Amino acid sequence: SQEEPAGRPAPGASSAGAGTIKEGLKVAFLPKQVNNPYFDASDNKGGKVAVEEFKGVYSQTGPSEASPSAQVSYINTLSQQGTDVIVVSANDKDAICGALQEARTAGAKVVTYDSDTNPSCRDVFINQASAEGIAASQIKLIGEAVGEEGGEIAILSATANATNQNAWIEMMKTELAKPEYAKLKLVDTVYGDDDDQKSFQETQGLLAKHPNLKGIISPTTVGVAAAARYLSGSEYKGKVQLTGLGTPNQMRAYVKDGTVTSFALWNPSDLGYLAAYTGGALASGLITGKEGETFKAGKLGDYTVAKDGTVLLGDPFVFTKDNIDDFDF
Amino acid sequence: MTAVTGGTRLVHRVFVIRELGIAAALVLLVAVTVLVNPRFLTAQGIKDLLLGSTILAVLAVGQSIVVITRNVDLSVGSVLGLSAFATGSLFVANPGLPIPVALAAGVLLGAVCGAVNGALIAAARVPALVVTLGTLYVFRGVDYTWATGRQINAADMPPGFLRMGSATLLGVPVLALFAVVVLVAAGYYLRTYRSGRELYAIGSSPPAARLAGIPVGRRVFTAFVVSGALAGLAGVLYAARFGTLDANAGNGFELNVVAAVVVGGVAIFGGSGSVYGAALGAVLLTTISSALPVLGVSPFWQRAAVGALILAAIGLDRALAVRMARTLRGRSGRG
Amino acid sequence: MAEAVRDGAGSKAGSGAMRRVRAVAGSWDAVLVVALILVVAIGALGIEGVASPRFWRFVTLEVIPIALIALPMTLVIITGEIDLSVASILGLTCTVMGQLWLWGVTSLPVVIVLCLLLGALLGAVNGLFVTGFGLPSLAVTIGTLALYRGLGYVVLGDQAVADYPPEWTTGAIAAIPGLTIPWMIIMVAALAIVFALVLHATPIGRGLYAIGNNAEAARFTGIGVARTKFWLFVATGAMSSLAGVFWTLRFASARADNGMGLELAVVAAVLLGGVSIFGGRGGLLGVIAAVILLGTLRNALQLAYVPANTLTIITGSLLIVSVVGPNVAGMVRERLRRRRSVTP
Amino acid sequence: MSESPPILSLRDVSKSFGAVRALSGVRLDLYAGEAHGLVGENGAGKSTLVKVLAGAHPADAGTLTVDGKELALSGPADAQAAGIAVIYQEPTLFPDLSVSENIFMSRQPLRGLRRIDAKAMRAATSELFARLGVGLDPDRPARGLSIADQQLVEIAKALAFDARVLVMDEPTAALSGVEVERLFSVVGSLREAGAAVLFISHRFDEIFTLCKRITVLRDGRWVSTDPATGLTVEELVRRMVGREVSALYPKTAADVGHPRLEVRGLTRHGVFEDVSFTVRGGEIVALAGLVGAGRSEVARAVFGVDRPDAGEVTVEGRTLPPGDTAAAIAAGLALVPEDRRQQGLVMELSVARNATLTRRWSLSRLGLLFGGAERAAARTWSERLQVKTARLTDPVSTLSGGNQQKVVLAKWLSTEPRVLIVDEPTRGIDVGTKAEVHRLLSELAGQGVAVLMISSELPEVLGMADRVLVMHEGRLVADIPRTRADEESVMLAATGQATGQAAGRATGQGGTA
Ligand SMILES: Nc1ncnc2c1ncn2[C@@H]1O[C@H](COP(=O)(O)OP(=O)(O)OP(=O)(O)O)[C@@H](O)[C@H]1O
Ligand SMILES: Nc1ncnc2c1ncn2[C@@H]1O[C@H](COP(=O)(O)OP(=O)(O)OP(=O)(O)O)[C@@H](O)[C@H]1O
Ligand SMILES: [Mg+2]
Ligand SMILES: [Mg+2]
């Protein structure tokens, strides 16, 4: 029961390289942690569909807490089980490297998604959206929400160590330096640790600390939901704007009650779907992860491997009051 | 006999002092924060503080009842998570469910979890720390298995329920009223009922309690049921307050709760302390973590500051206790 | 040594309930060892991969940091204290190690010595609060759990240091020549023997049991209760730092959140090993068996496609069974005995 | 022999702990309005019998009848409901709770809505204390009470019951003459009100003063029950021990040598002030005083368990660092503390380990210490002191009270101290072993050891000491040589009076020597 966000680009021009994905491939998804709704959507609602399409054997496994060491243990297990494709979202871009290398030596193909490792440790990284794209859209959304006169804004991030978050925050700073955003002033960055309550408290702290705050960007699904909830139940509702990366189901209530005008996200199921196909293509020898190779990812169409072995899913999709009811994830 | 009145006053003053120390630390912290940023104490600020403390305070009340009997309940975080998710699931399954029913269900589920703990501990006479560390994993595992990555969102729960999470009554948040009622009831019970005093006796000396004919097993069992039920209640309050639920709700809470109880002057080896102190400890800890961002402490320093302040708080409490013991030695004893 | 272990657990005869508990607790080591053998045997027969050398390499690598911390933790818990700050000490050590590298300290021995000193210092702070100010260790180390982890963030912030030379990182996990097992296990085994000897066959060890059972009587016997506990915290700090050094090198990544939550895993292993949380009872043989058992079970079940959530439940249940099992068995035995003695 | 039927009677009671038969086929009848003495060697099963009566231990076999009705006790609550109040051998207080709560736990006076009436409880406590002549503040916590004060609170607790059967397991072991007399008068009035009393003591004078009938236990078996009037101490001892015991206080004169222990100006504010004395080699110096006079506190400070506020302790000319027990032991000091359970022993450890804990360094080879060496060393001393235990590897908690005391003695005597401080060394020790302990102390003095003996038993003080130091309210008030020491002079100093009125009280402590 899911629909695809519209407006997804189809990069590959002509049909991808010849040949099809082998049947019976063992494809294992290893998210940052199981029990996380985001990864539930990407793996069990996206990856699984893809693997079943090319008649592989799908599995999802992983630790119940998001720690790199626990992930290493699962990588070792997967490699011993003779998995053909490991699709992993890294809790630490370096810490799981050694284990991934050992797995590759044992014959597995490694695809990273959502959160990358060092390029040397995997074959391909499925980038949900380019850092530039995310940063640009986040700044654009907050700029629109805050309005003409601009003002102070702050960022509520996930953990201080989250690689992707930190990359986006850097890009956002670059973006803010552009003249059209001269009136927006980034005054603070705080970390909610992807913990609901902590994010909630940090939002509270931001508002108390910066009386003139006009907007908050929270480029993490946990953070943006917590911030929205705080704002919607406080006197700041409507006075302080909020945007970020969130799922439509989490944010629906706050978009409807006016706390949030717009926010962005890619479709996590598509991310998992694409990752599965990429893995299949790698394991079948259709691609090797070199720049310029193309392949077909089922219903998503054709994709091209870009620099550093990355495949870009597309630009983030913007959700507003008008389109949010078209989605359920 | 003449020494009695003086001694009475001394002992009473001493009991008051124990909670005053924490209260003083709290006032000091708030004062400093307000000096730096007056917005910390606006109506909204106070409301946030009270709301933020509520869940921890409810858990701390339950925990201190258990700690007073020389036990500990490490599973409260997992019970909270289970109950919160259950509440959410109930609303998803029956959208029209009246709020009191959900409350009762959450409390009941918590009580059942507490009963599992209590039965294992009281019947098999095994250390609570080990059993509840075990059930911490088991309950959380059950929660994980049940939720399997599902999430329950604000939109799935009735607006009335969520409004309860931020509504106020005469300026006091409704959720905080729950905590106050729980606190006063528990405090009054522990002080004025035989079975309440027996909990202190059990914690003070378990073998002596057995010889005194106190039904130790039954009392300890009850303490765990109460702690579980309060954790269940906290789960429902959590659902109302946070609106978004997945299997991780309350993960890692146990150490915060124990810290609140200890900071609040409840002796970790049982027998002394009060639920009021524990609740104050919860408010103090919450205030610390809310005040640090407001004070502009760098996010990288915040965690360290929390640790340092916990140490300072228990150190202060200890200093007061030592001073009290010294007074006692000098002034009391045989008349 | 086996005899010493049993004596430490006070195996034979006792009073009523306590006696039953102890009679069984004495043999708990044996139960664990048998359980370990069973797990290995059943795993090797029933789960593909358990019999392979690679499996044991992975298990060993995983078990080393927990074992390193569990050794001193056993002693601490036997004296009736607890140290919950170990994982934070590990994490802080990782960040300091990273910072040293950033500062250009390129001699591994120097780094290790500095880290061990740091760990000893952090442990000394715990020890000072516990023995000097007389605060309960549970409370103190919940405080330093937050403090040390926080200091880790102060040191490295959101950075990760990962550009260690490969000789360091591969050296740490290199196998014993001709085997797949990492050489570090030899060091861990040596340390385990040292700790076991200290606990079970030295005057110091006798003192530890005395302190854990009755600190006041120990004081009246001239045992420096405060001093002993202080040094145990120092040792725990240093061992946690050693685990931190290993952690950094094994994962080739120094970050502030390394080893988060490890403290409960260590405490769980020690308790499963038959050490009484109230102090005074338990031994190292059981703890070591428990550490290996947990590591093996977890990896074997993972191989058998058991999901993480179920593993969580199994870990918890094991802990419960480890205390409830012997007690219930003892009660049943006592009831049978009483029935026998009444009937004739 | 008897008139009305007994209030309480036990028939064929047996109780085993594992292989140890603590009681087998014991019988006992308690009658209204009379006190019944129970005597026996250490480990004879007296306390076990008490615990069976109290419902604390389930009996393996036998019946308990109260008022002709057979009762099955499933716990202490049942015994209490049947009107049986018990004072256990070891105090069972709640240290964190106030003294009055300790006394009324689970039986607090109530007001409306079943709430506790704290005022009434406090008043009742004051009244009880007045009856017993105890000056404790009802609101003070029980923590920090001396053993004697704890014992007094226990007595108040039992009295508060208004019980029909009052069972007292060595209630006087920690008390001195004055308190004992008060206790006896209170027990007397209870008896007149129709209660039955079971009284256990190793002091025969007390047994004969109080009891109408006396039951003797030996090795867990009932030996005899006879009216006290027809019995003599010698006969009782013979029945208890199964042989003759001679010379109860065999003090032999020893040459007094040079000063070994010198204490100067020792002070702990609020506890004791300016205590100075000297103990020479070969000398047994007794430290006498009423309960709470501060004697044990002085011993603790001398031994370095507590750090004194002022003053110094010198052993053989060398000044000890304050508050350092290890240094005191190294200098040749040993302290047998008054509270064996809290201070003397590690209850969960084996007899062997406890007995050798003080010598763990000297017994080790190359830093390693093995069980064999400990057991061998422990065996010598436990045989010498006749410790009754099945195995040396049994936890010391399974021993009877008196046998535990012997293990404490063994633990310290085996260190071959030069200065031995013994605090109530024979508390709870039976008559046969007591003689052995006294002989040991004499012998040690003979070998040149300086012995400081704290004792609340006046006959013991007078019988053993070369010199008697007397403390009163934290101060040393008298130093009486053996020749001039008698009950009157010691008690006068101890009660802080000049002449006259104290003499009568002191005689309650008539010795058995
Ligand atoms: N809980 C127990 N477990 C095992 N053995 C025990 C236990 N309690 C008592 N015993 C044993 O039972 C026997 C009787 O002990 P009990 O304490 O009744 O002696 P007692 O007559 O009170 O001696 P004392 O005069 O020394 O107090 C002793 O051999 C003792 O070792
Ligand atoms: N830890 C403590 N805290 C407070 N008061 C104490 C403590 N220990 C003892 N006291 C009090 O100090 C006084 C001296 O006690 P101490 O035990 O030295 O007396 P004693 O002469 O040895 O008598 P006893 O026969 O009771 O042993 C008593 O009033 C006692 O209640
Ligand atoms: Mg006895
Ligand atoms: Mg004394």
Side-chain angles (χ1 to χ4, degrees), chain A residues 26 28 30-31 33-36 57 59-83 90-103 105-106 117-118 120-121 157-163 165-167 169-170 189 191 193-194, chain C residues 47-50 52 54-55 57-59 61-63 65-66 87 90 94 152-153 156-164 166 169-170 172-173 247-262 264-265 295 298-313 315:
Chain A
K26 285 164 98 179
L30 179 52
Q33 71 176 127
V34 292
N35 311 317
N36 180 325
V57 182
S59 67
Q60 189 211 30
T61 184
S64 44
E65 78 284 4
S67 90
S69 56
Q71 237 175 357
V72 164
S73 170
Y74 278 93
I75 296 169
N76 291 340
T77 301
L78 288 174
S79 123
Q80 285 184 79
Q81 286 167 340
T83 310
N91 279 322
D92 178 341
K93 77 187 197 347
D94 306 294
I96 65 170
C97 248
L100 285 179
Q101 295 288 22
E102 279 198 54
T105 320
T117 60
N118 275 332
S120 61
C121 315
S157 177
T159 60
N161 292 88
T163 344
Q165 298 275 333
N166 289 340
I169 292 170
E170 276 315 302
T189 301
Y191 302 92
D193 290 346
D194 263 352
Chain C
I47 302 168
E48 202 189 318
V50 170
S52 83
R54 271 180 83 204
F55 175 82
R57 171 174 172 75
F58 294 144
V59 169
L61 283 173
E62 227 172 285
V63 152
I66 294 186
L90 182 150
C94 291
Y153 280 99
L156 267 197
D158 54 5
Q159 300 175 69
V161 177
D163 49 351
Y164 293 103
T169 54
T170 52
I173 58 170
W247 193 283
T248 309
L249 296 180
R250 177 186 176 206
F251 295 114
S253 175
R255 305 199 327 171
D257 61 354
N258 277 3
M260 196 97 104
L262 200 67
L264 287 191
R298 170 163 283 272
N299 277 279
L301 291 178
Q302 256 170 232
L303 264 184
Y305 299 96
V306 174
N309 296 340
T310 313
L311 280 180
T312 311
I313 298 180
T315 310

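Each chain gets a letter, A, B and so on, in the order the sequences are listed, and its residues count up from 1. Not measured: the values here are computed from a predicted model. Scope of the values below: all heavy atoms of this structure, side chains included, with no hydrogens, waters or symmetry mates.
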Chemist: Under the criterion side-chain contact (heavy atoms from CB on, under 4.5 Å), I'd like the reasoning laid out for C:Phe251 against A:Val72: C-alpha separation, chi angles, the key distance, then a yes or no.
Modeler: CA-CA 9 Å; C:Phe251 295 114; A:Val72 164; 3.5 Å; yes

Chemist: If I measure from the heavy atoms of chain C, does A:Ser59 come under 4.5 Å with its side chain, its backbone, both, or neither?
Modeler: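 Interface part for A:Ser59: neither.
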
Chemist: Using non-hydrogen atoms and a 4.5 Å limit, figure out which bit of A:Ala106 sits close to chain C: side chain, backbone, both or neither.
Modeler: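 Just its side chain gets close to chain C.
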
Chemist: Relative to chain C, which segment of A:Asp193 carries a heavy atom at a distance below 4.5 Å: side chain, backbone, both, or neither?
Modeler: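 Neither the backbone nor the side chain of A:Asp193 comes within 4.5 Å of chain C.
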
Chemist: Please report the interatomic distance CG(A:Asp94) to OG1(C:Thr248), rounded to the nearest 0.5 Å.
Modeler: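 A:Asp94 atom CG to C:Thr248 atom OG1 measures 12.0 Å (nearest 0.5 Å).
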
Chemist: Might you point out which heavy atoms bring A:Pro68 and C:Arg255 nearest each other, and give the distance in Å?
Modeler: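 Closest approach of A:Pro68 to C:Arg255: CG-NH2, 4.2 Å.
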
Chemist: Hey, which of C:Leu156, C:Leu303, C:Thr312 has the most heavy atom pairs under 4.5 Å with chain A?
Modeler: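 The answer is C:Leu303.
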
Chemist: With rounding to the nearest 0.5 Å, note down the distance linking CD in A:Glu102 to CZ in C:Arg54.
Modeler: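 A:Glu102 atom CD to C:Arg54 atom CZ measures 6.5 Å (nearest 0.5 Å).
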
Chemist: Does any heavy atom of chain A fall under 4.5 Å from the side chain of C:Leu262, the backbone, both, or neither of them?
Modeler: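 Contact with chain A is absent: no heavy atom of C:Leu262 under 4.5 Å.
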
Chemist: Side chain, backbone, both or neither: which part of C:Phe55 has a heavy atom under 4.5 Å from chain A?
Modeler: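 For C:Phe55, the contact with chain A is made by backbone and side chain together.
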
Chemist: Which answer fits A:Ser67, side chain, backbone, both or neither, if we ask what part of it has an atom under 4.5 Å from a heavy atom of chain C?
Modeler: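 Neither part.
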
Chemist: If you take all heavy atoms of C:Ala308 and A:Gly62, which pair is closest and at what distance?
Modeler: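 Closest pair (atom of C:Ala308, atom of A:Gly62, distance): CB-O, 2.9 Å.
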
Chemist: Which one, A:Thr159, A:Asn35, A:Asp92, A:Leu78, leads in non-hydrogen pairs under 4.5 Å with chain C?
Modeler: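 Of A:Thr159, A:Asn35, A:Asp92, A:Leu78, A:Asp92 has the most heavy-atom pairs under 4.5 Å with chain C.
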
Chemist: Relative to chain C, which segment of A:Ser64 carries a heavy atom at a distance below 4.5 Å: side chain, backbone, both, or neither?
Modeler: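 For A:Ser64, the contact with chain C is made by backbone and side chain together.
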
Chemist: What part of C:Gln302 gets within 4.5 angstrom of chain A, counting heavy atoms only: side chain, backbone, both, or neither?
Modeler: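 For C:Gln302, heavy atoms of backbone and side chain both lie under 4.5 Å from chain A.
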
Chemist: Give a yes or no answer on whether the side chain of C:Glu48 reaches the backbone of A:Gln81 with a donor-acceptor pair at less than 3.5 Å.
Modeler: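 Pair absent, no side-chain N/O of C:Glu48 close to backbone of A:Gln81.
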
Chemist: Measure A:Tyr74 against the heavy atoms of chain C and call it side chain, backbone, both or neither at under 4.5 Å.
Modeler: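 Both parts, heavy atoms under 4.5 Å.
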
Chemist: Calculate, to the nearest 0.5 Å, the distance between atoms CD and CD1 belonging to A:Gln80 and C:Ile47 respectively.
Modeler: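 So the CD of A:Gln80 and the CD1 of C:Ile47 are separated by 11.0 Å.
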
Chemist: Pick from A:Asn76, A:Asn118, A:Asn166: which one has the most heavy-atom pairs with chain C under 4.5 Å?
Modeler: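 Option with the top pair count is A:Asn76.
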
Chemist: Between C:Thr169 and chain A, which part of the residue has a heavy atom less than 4.5 Å away: side chain, backbone, both or neither?
Modeler: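 Contact with chain A involves no heavy atom of C:Thr169 at all.
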
Chemist: Indicate whether any N or O donor in one side chain lies under 3.5 Å from an N or O acceptor in the other, for A:Ser73 and C:Arg298.
Modeler: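 Judged by distance alone, the side chains do not pair up.
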
